[in-house]
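All values reported here derive from a predicted model rather than from experimental measurement. Note that these values count all heavy atoms, side chains included, but never hydrogens, waters or copies made by symmetry.
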Protein chains: 2
Amino acid sequence: MLTKWGRMSTPAPRPPRSGTPANDARTEAVANRFNSIAIHLVRRLRRADEALGVTPSRLSALSVLVFGGPRTLGELASAEAVTPPTMTRIVAALEAAGLVSRAGDASDRRLVRLEATPEGRRLMQRGRAQRVERLARELRALSADELETLEHAASIFERIEGDRPIG
Amino acid sequence: MLTKWGRMSTPAPRPPRSGTPANDARTEAVANRFNSIAIHLVRRLRRADEALGVTPSRLSALSVLVFGGPRTLGELASAEAVTPPTMTRIVAALEAAGLVSRAGDASDRRLVRLEATPEGRRLMQRGRAQRVERLARELRALSADELETLEHAASIFERIEGDRPIG
DNA sequence: GACAGGTCGTTAGCCATGCTAACGAAATGG
DNA sequence: CCATTTCGTTAGCATGGCTAACGACCTGTC
């Protein structure tokens, strides 16, 4: 369930591996906990990104271009799981900031191809540490085992979400 | 770094337990990955909550009242890590929906005390499964070990964030 | 070649949620 | 009593979600 940090500290019981109702309750509890965690992480992220002068959604889109390479606006919208009008707006801001450049497509004149500018790339590199400094600082207090747990959990989430077509 | 799911699959090296630069890079990488995960989870959550007719931020605040008990508006804002004006607006919507009730405080007339209504409580219970059904469904494909990893990771995050005063 | 249907990105409008600035009411402390 | 602090609200702005509508372009069929 969606609730405050620390309120979900009731550990779910260990069910068998099969998809039993108890297992369903367990996965639901996990999903609820991470939904709450996500909301608070995004709020934290928003505050950290203020120092960079770029918002989380914009940086997320820029990151796709920087690390995933150039793509069309529709592909970027799909990759970021938002509608094209939303991405149009985000890209317009990135362009205005000189972080993304836009070009047509020779084979299909409807398409808008987007690419990170050198400045956009530099900002991703430079801002990388600043953006997550606060969270990273708190993660430093964790043991290596705990860090490994988080890394493993991150991989699980990325695998789940990675099922989506990248385009 | 903030990027698309599946792009952070490069495992960080295993550093020693001490706070070395390599460990700093590792925690930073973990922080970056979870920041990206959080953005996408919230987007997914937003779509799921549409069925309930209540937005994620509102449900998060309601959840605090339902499970954490009544509190002042300022306390709720603090618990949710937003400013009082923002919480004023969120609470106004919850009140309009009959999910939260407001009262004065006998010992300090400046204070506004908030409490979940029976309807708010019922909605939290009823909507619980619906809200995270999609993510929970995907988590069902995980092994028990993986679920345990996620549960452990959730507890770590909740501990980090739980350091904040609840008020 | 003509045309219907589909695709792409943009514009407009609406809503929600963050923030800051400003303010009035109430409480606190000297 | 009065200056300062605290609390919640209002107003304004920016951002980011969405849907609806539209024009430009592409594709497939006749």
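Side-chain nitrogen and oxygen atoms of T86(A) include at least one within less than 4.0 Å of the OP1 or OP2 phosphate oxygen of dC18(D). The phosphate of dG17(D) has OP1 or OP2 within less than 4.0 Å of a side-chain N or O from S57(A). A sub-4.0 Å separation between OP1 or OP2 of dG8(D) and a side-chain N or O of T88(B) is absent.
A heavy atom closer than 4.0 Å to some atom of DNA chain D occurs in D108(A), R109(A), R110(A), these being the qualifying members of residues 92-116 of chain A.
Residue L76(B) contributes atom CG, which lies 11 Å from atom P of dT9(D) at whole-angstrom precision. Following rounding to the nearest Å, L62(A) (CG) and dG16(D) (P) show an atom-to-atom distance of 13 Å. Taking atom CD of E80(B) as the reference point, atom P of dA16(C) lies 18 Å away to the nearest angstrom. A straight line from CE of M87(B) to P of dA16(C) spans 15 Å, rounded to a whole angstrom.
Side-chain contact between L142(B) and T149(B) is absent, with no heavy atoms from C-beta onward closer than 4.5 Å. Between R122(B) and E119(B) the shortest side-chain heavy-atom distance falls below 4.5 Å.
Place T72(B) and T83(A) on DNA chain D by their nearest nucleotides, and T72(B) ends up nearer the 5' end.
When the salt bridge (charged side-chain N to carboxylate O under 4.0 Å, His left out) test is applied to R110(B), the partners found at least two apart in sequence or on another chain are D108(B). Taking R89(B) as the reference, nothing meets the salt bridge (charged side-chain N to carboxylate O under 4.0 Å, His left out) condition, with sequence neighbours excluded. R102(B) is linked by a side chain to side chain contact (heavy atoms under 4.5 Å, CB included) to V91(B), E95(B), V112(B), L114(B), counting only residues two or more places apart in sequence or in another chain. R113(A) meets the salt bridge (charged side-chain N to carboxylate O under 4.0 Å, His left out) test with D105(A); sequence neighbours excluded.
Using a 4.0 Å heavy-atom cutoff across all strands shown, R89(B) reaches at least one base atom of the nucleic acid.
Ring geometry for F34(B) versus F34(A): interplanar angle under 30°, hence parallel rather than tilted (30 to 60°).
L111(B) and L65(B) are members of different hydrophobic clusters when ILVMFWY side chains are connected at heavy-atom separations under 4.5 Å.
Within the model, atoms CG of L59(B) and CE of M124(B) stand 6.0 Å from one another, a figure rounded to the nearest 0.5 Å.
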Report, one pair per line, the protein and nucleotides 21-24 of chain C atoms (nitrogen or oxygen only) whose separation is under 3.5 Å.
none

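In this structure, the nucleotide among dC18(D), dG16(D), dG8(D) sitting nearest to the side chain of V82(A) is dC18(D).
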